[in-house]
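Each residue takes its place number in the sequence, starting with 1.
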Amino acid sequence: MKILDRYILTTYLKTFISVFVILMMIFVLQTIWLYIKELAGKDLDIVVIVKFLAYFMPKLIPLVLPLTILLASIMVFGSFAENYEFAAMKSTGISLQRAMSGLSVFIVILAITTFFFSNNVIPWAELNSYNLRRNIAKLKPAMLLAEGQFNPVGTYNIKFAKKIGERDLIDVTIHIKGKNGRTNATAIKSKTGKLVSNEDSEVIKLILFDGHYYSDVSRTKQKDKNKNPFAKSSFEKKIINIDLSTLNDVDFDEKTKTDNYNMLPISGLTKTIDSLVEKSESDHEAFSKNLHQRAGVLNKIKQKNTVKDSAYSGALLDLFDTKNKIKLVDVTIRTISNSKQFINSKKSSVQTSKAWINRHVISLHEKFALGFACIILFFVGAPLGALIRKGGIGLPMVIAILLFLSYHFIGIFATNSAKTGDFNPILASWFSTLVMLPLGVFLTKRATADRGLFEFDGIMEPLKRAFKIKEKDTVDYKFLYNYNNSELIDVINKYNTLGHEETSRYEAIKVLNSRGISITQFQENGIHINKSYEASEAIKTNYKDHAKFAITLYSIGVILLVLFFVFKNNKLLPLATASIQLSIVSFVLFIIYFTKSFINASQFYNHINKKHKKPKLFLLLLGLPLYMFTYIFLNEKIKEDLKLNCLESLK
């Protein structure tokens with residue numbers, strides 16, 4: 001290893017380890033805060049708490065490691081650029097790629113290690129953390145009684161609509177399991193209730209007021225069981241004591257759940273996916289056979305006597321007499337209705353099965369995607385640090401957090417969509433990584449070419465013109481509106497002798513145009529201007545009209561799309577449906593007018609013989625989702641080029 005590679009690697013490792021430790025501490029504290037309700041008041045010893053944190057720390061690696069690589073890369077390479085160390089390297093002929101090469105080997109090794117870590121350690125941590133949480137929850141469950149849901153406590157399932165303070169309960173429902181431990185043999189419902197026992201008590205004492213008691217009566221004879229007998233009684237006050245002594249005797253190392261998709265390595269996920277797909281296919285086959293049997297209408301109706309093996313090309317109903325025709329239609333309608341209900345009832349189970357398979361597929365590919373994400377985020381952070389030329393914590397921290405949040409939330413949205421079946425699960429696992437890949441290529445190219453992060457002049461000038469932001473020394477041509485026509489003609493022909501800038505000629509022509517003087521009249525007044533300018537101005541006018549329609553339709557489509565999600569979240573389905581339909585229509589019309597404006601722009605640059613300035617289709621398609629910015633830049637660009645064409649047309 002050369003001295004330069006060793007120096008860069010050593011510097012990077014120091015920053016990497018420091019950032020990793022700090023971020024891990026932050027996320028561990030966030031984990032404690034997230035699960036503090038499950039840990040507090042359980043009299044847990046220090047060993048259980050350490051186990052809890054040790055099991056959760058590996059699960060934080062997919063969050064902490066990519067952010068660490070991104071932040072450390074920006075900080076280290078930003079510090080190199082800020083202290084002119086890169087300048088010293090370039091003076092000796094060492095490029096940015098050469099400076100990154102030694103560190104790239106380390107990142108690749110780290111990515112491979114991350115893959116094995118995500119395949120072996122993270123599933124182990126998921127398994128142990130999940131079961132440890134379940135075991136901890138068994139301790140003093142009285143403290144975990146939550147309103148609005150059933151709370152399992154031993155053989156009791158307790159639910160209440162509202163909890164007033166720490167003791168009083170409203171609208172209490174209790175299900176008590178039978179002797180087999182599975183069925184709910186007894187149901188108790190009362191208007192109010194009260195918790196009398198202390199939090200550290202081994203017994204939950206629950207006093208119920210003004211309620212009813214329902215209990216199934218077990219029978220020995222099968223004939224009596226079919227009658228479904230039960231006992232019913234009412235009460236004004238009932239006391240229930242639930243013994244927690246056996247519940248609090250918990251083995252924290254017990255593992256009752258071992259087959260969740262987050263707990264399996266690649267081999268286990270592959271096997272599970274195969275079995276789930278096979279089961280899904282068999283369920284579909286059984287469903288199709290069942291549906292086919294339900295649709296056996298002709299088996300229920302007798303046909304007329306027909307010659308066997310004869311070809312018949314007439315109407316199907318003509319094979320039956322009038323009575324059977326009516327019967328056939330009636331049976332068909334009932335069969336279709338039953339089949340429709342059967343399909344609707346099966347739809348939810350099919351969606352659940354598909355979502356479960358998608359979760360396993362996502363978990364499988366996320367193990368591979370995490371290692372590649374580490375490599376790509378390094379090639380985003382390292383050149384970005386060299387471009388911003390700023391080390392330390394301030395600006396690099398802000399940029400790293402913004403980039404990581406974009407990467408993380410894109411991944412969350414993609415995986416959530418894939419779990420519901422709206423997005424391909426394989427693509428969802430790689431989506432955020434693939435989004436960052438072009439950014440890494442772009443930044444590496446710019447850093448290698450020693451160019452700035454952005455060409456600020458090319459961005460700021462159109463914005464300044466669009467928002468009419470003027471520099472201190474900018475000339476204001478409003479004074480030309482006070483000139484008469486002959487004075488404006490003198491400005492156009494004698495701008496130099498009158499002390500005006502060349503741009504004043506174009507502004508004077510615009511004033512004359514606003515007064516209704518055409519290009520032909522310019523010639524009569526001694527202004528020699530090429531007639532092709534009139535055609536270029538007409539093309540520019542067409543472009544402006546089509547672009548205005550496009551930006552208006554785009555704005556309407558975006559607003560309606562936002563309203564669709566607002567109405568959908570508030571369960572206003574008719575308004576949501578109308579909004580999305582109108583939004584689609586607006587976007588379709590927008591694409592039509594956008595295409596027309598793009599054709600006008602191409603015609604404009606062909607007409608003025610500057611084909612190299614034509615807007616590139618690839619860049620326009622990239623700017624299509626953010627057309628409000630594309631509109632501003634392209635509009636100002638064409639306006640500026642029209643002015644130059646006008647000045648060139650003056651003889």
Can you find a heavy atom in the side chain of [X] that is under 4.5 Å from one in the side chain of [Y]?
X: Leu427; Y: Leu434; answer: yes
X: Ile426; Y: Leu364; answer: no
X: Val435; Y: Phe431; answer: yes
X: Leu169; Y: Leu206; answer: yes
X: Ile122; Y: Phe117; answer: yes

Gap between atom [atom2] of [Y] and atom [atom1] of [X] - 0.5 Å precision:
X: Ser363; Y: Ile266; atom1: OG; atom2: CD1; value: 9.5 Å
X: His365; Y: Thr415; atom1: NE2; atom2: OG1; value: 14.0 Å
X: Asn157; Y: Thr186; atom1: CG; atom2: OG1; value: 12.5 Å
X: Ser234; Y: Tyr213; atom1: OG; atom2: OH; value: 13.5 Å
X: Met24; Y: Thr68; atom1: CE; atom2: OG1; value: 7.5 Å
X: Leu377; Y: Met436; atom1: CG; atom2: CE; value: 6.5 Å

Pair Leu439-Leu403, side-chain contact (heavy atoms from CB on, under 4.5 Å): steps then yes or no: CA-CA 10 Å; Leu439 180 61; Leu403 285 174; 3.8 Å; yes
In terms of heavy-atom contacts, does [atom1] of [X] have more than 12 from other residues, nucleotides or ligands at under 6.0 Å?
X: Phe235; atom1: CZ; result: yes
X: Lys354; atom1: NZ; result: no
X: Phe372; atom1: CZ; result: no

Nearest non-hydrogen partners of [X] and [Y], listed with the distance:
X: Val361; Y: Ser429; answer: O-OG, 4.4 Å
X: Asn241; Y: Tyr156; answer: O-OH, 4.5 Å
X: Ala111; Y: Gly371; answer: CB-O, 3.2 Å
X: Ile188; Y: Ile240; answer: CD1-CD1, 3.8 Å
X: Leu110; Y: Leu65; answer: CD2-CD1, 4.2 Å
X: Ser432; Y: Gly411; answer: CB-N, 3.7 Å

Residue among Arg359, His360, Lys271 satisfying side-chain contact (heavy atoms from CB on, under 4.5 Å) with Leu276: His360
For Ser129, the option from Met57, Lys59, Lys51 that meets side-chain contact (heavy atoms from CB on, under 4.5 Å): Lys59
For [Y], does its backbone N or O pair with a side-chain atom of [X] as donor and acceptor, under 3.5 Å?
X: Ser583; Y: Ser579; value: no
X: Lys367; Y: Ser118; value: yes
X: Asp210; Y: Lys191; value: no
X: Asn119; Y: Phe115; value: no

Side chain to side chain donor-acceptor pair (under 3.5 Å) between Lys238 and Ser190, worked out: CA-CA 9 Å; Lys238 183 177 180 62; Ser190 68; over 6 Å; no
From CA spacing to verdict: side-chain contact (heavy atoms from CB on, under 4.5 Å), Trp430, Leu437: CA-CA 11 Å; Trp430 295 89; Leu437 179 59; over 6 Å; no
Working for side-chain contact (heavy atoms from CB on, under 4.5 Å), residues Leu560 and Ser586: CA-CA 9 Å; Leu560 289 172; Ser586 299; 4.1 Å; yes
Plane angle bin for Tyr554 and Phe587 - parallel if under 30°, tilted between 30 and 60°, otherwise perpendicular: perpendicular
Mutual orientation of the aromatic rings belonging to Phe404 and Tyr407 [parallel < 30°, tilted 30-60°, perpendicular > 60°]: tilted
side-chain contact (heavy atoms from CB on, under 4.5 Å) between Phe565 and Leu561, worked out: CA-CA 7 Å; Phe565 288 107; Leu561 185 61; 4.0 Å; yes
Test salt bridge (charged side-chain N to carboxylate O under 4.0 Å, His left out) applied to Lys159 and Asp171, step by step: CA-CA 8 Å; Lys159 177 184 177 182; Asp171 191 11; over 6 Å; no
